[in-house]
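Heads up: the structure comes next, in structure tokens.
In what follows, chains are A, B, ... by sequence order, proteins preceding strands, each numbered from 1. FYI, side chains are in, hydrogens and waters are out, and symmetry mates aren't considered; it's all heavy atoms of this structure.
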Number of protein chains: 2
Amino acid sequence: MKKISDFNGVCDTDCPVARANDIIGGKWTTLIIRDLLSGKKRYSELARSLAGISPRMLAARLDMLCGAGLVAKTVYPTVPPKTEYELTDAGKRIEPVIAAMAEFGSKLR
Amino acid sequence: MKKISDFNGVCDTDCPVARANDIIGGKWTTLIIRDLLSGKKRYSELARSLAGISPRMLAARLDMLCGAGLVAKTVYPTVPPKTEYELTDAGKRIEPVIAAMAEFGSKLR
DNA sequence: CAGTATCCCGCGAGATACTG
DNA sequence: CAGTATCTCGCGGGATACTG
């Protein structure tokens, strides 16, 4: 088990915590990941679950996550169209982060 | 052990993940917490470790964390002045989040 | 259904100078 | 040393309308 102090100190260029924050730091990213943790989801399912997100934002974050290799997108060229998003193996490594955040957040007054 | 799926679903009003994100979602917050995890720190120590942060930002984030009850501030009315910041018990509950982020971030290409 | 296309706005954040 | 005081700005993000 890695000690937290292993990650302490100056980290201007490449701190693991900073890099993680660059990915999941956005307003919606963690919520999208949370939704995808329970399995493959369609665009409209995510839009419904993430009440309040604009289509533009949802598309942008999903695009970023795909680009980072954390989410995979499958497009079915049917009419009407259907796309599905799911976490890649790399993306599933975010689960402990979300779980820890949920645990912390639930204890917040 | 809580299952991650317990945190899934619509969460417009009060999702634990969203609440945690509101706290640690900022650009510098996680890095400040990371530094404080190894113990009490002075303002200037933090400023040095967090290379690039402006005094205004550092003060603002520390103030927010104090307001949230996650960080405690001690001022020694000496000349020159000396202040120390440390995590409260509530603040220490963020450690698992930072640890998970570090773990995830270190595996990111 | 699954997005784009536009337009717009506020706030997070940076830079610099100054002070108790 | 430990901060404020100003000024500035980019971009994350929101709203709405439209389309393959």
Heavy atoms, side chains only, cut-off 4.5 Å: are L46(A) and Y85(A) in contact? yes
Atom CD1 of I32(B) and atom P of dA13(C): how far apart are they, to the nearest Å? 10 Å
Give a yes/no answer on whether the side chain of Y85(A) brings an N or O atom under 4.0 Å of OP1 or OP2 in dG3(C). yes
Within-4.5 Å side-chain heavy-atom neighbours: R34(A) and C15(B): yes
So what does Y76(B) touch, heavy atoms closer than 4.0 Å: a base, only the sugar-phosphate, or nothing? nothing
For DNA chain D, which consecutive runs of 3 or more Watson-Crick or G-U pairs (each distance under 3.5 Å) count as stems? C:1-20 with D:1-20
Nucleotide N/O to protein N/O under 3.5 Å, stretch nucleotides 15-20 of chain C:
none

I53(A) CD1 to dT16(D) P: how many Å, rounded? 16 Å
Taking atom P of dG3(D) as reference, at what distance in whole Å does atom NZ of K41(B) sit? 16 Å
Applying salt bridge (charged side-chain N to carboxylate O under 4.0 Å, His left out) to K27(B) and not counting sequence neighbours gives none
Just to verify, what does K92(A) make a salt bridge (charged side-chain N to carboxylate O under 4.0 Å, His left out) with, not counting sequence neighbours? D89(A)
Hey, is the side chain of K27(B) poking within less than 4.0 Å of OP1 or OP2 on dG14(C), counting only N and O atoms? yes
Closest approach of S49(A) and D35(A), non-hydrogen atoms and distance? OG-OD2, 2.6 Å
What is the separation between atom CG on L50(A) and atom P on dA2(C), rounded to the nearest whole Å? 14 Å
Under the salt bridge (charged side-chain N to carboxylate O under 4.0 Å, His left out) rule, what pairs show up with a residue in residues 71-88 of chain B, not counting sequence neighbours? K40(B)-E86(B)
Within residues 60-68 of chain A, the residues having a heavy atom closer than 4.0 Å to DNA chain D are R61(A)
Measure the shortest side-chain to side-chain distance between L62(B) and Y43(B) over non-hydrogen atoms and say whether it is less than 4.5 angstrom. yes
Protein-nucleotide distance (R48(B), atom CZ; dG3(D), atom C1'), rounded to Å: 15 Å
Please give, in whole Å, the distance from dG12(C) P to N21(A) CG? 15 Å
Let me know the distance between CG of D22(B) and C1' of dG13(D), rounded to the nearest Å. 14 Å
Below 4.0 angstrom from OP1 or OP2 of dC1(C), is there any side-chain N or O of R42(A)? no
Any side-chain heavy atom of T74(A) within less than 4.5 Å of one from T83(A)? no
Closest of dG3(D), dG14(D), dT4(C) to the A59(B) side chain is dG3(D)
OP1 or OP2 of dG3(D) sitting under 4.0 Å from any side-chain N/O of K73(B)? yes
Considering non-hydrogen atoms only, spot the tightest contact between T88(B) and A72(B) and give its length. CG2-N, 3.8 Å
Rounded to the Å, how far apart are L58(A) CG and dG13(D) C1'? 13 Å
Minimum heavy-atom separation for R19(B) and L108(A), please, with both atom names. NH1-O, 2.9 Å
Find out whether I94(A) and V97(A) are in side-chain contact, i.e. whether some heavy atom of one side chain is under 4.5 Å from a heavy atom of the other. yes
Using every non-hydrogen atom in the two residues, find where I24(B) and T30(B) come nearest and quote the distance to one decimal. O-CG2, 3.6 Å
Compare side-chain N and O positions of T83(A) against OP1 and OP2 of dC1(C) and report whether any pair is under 4.0 Å apart. no
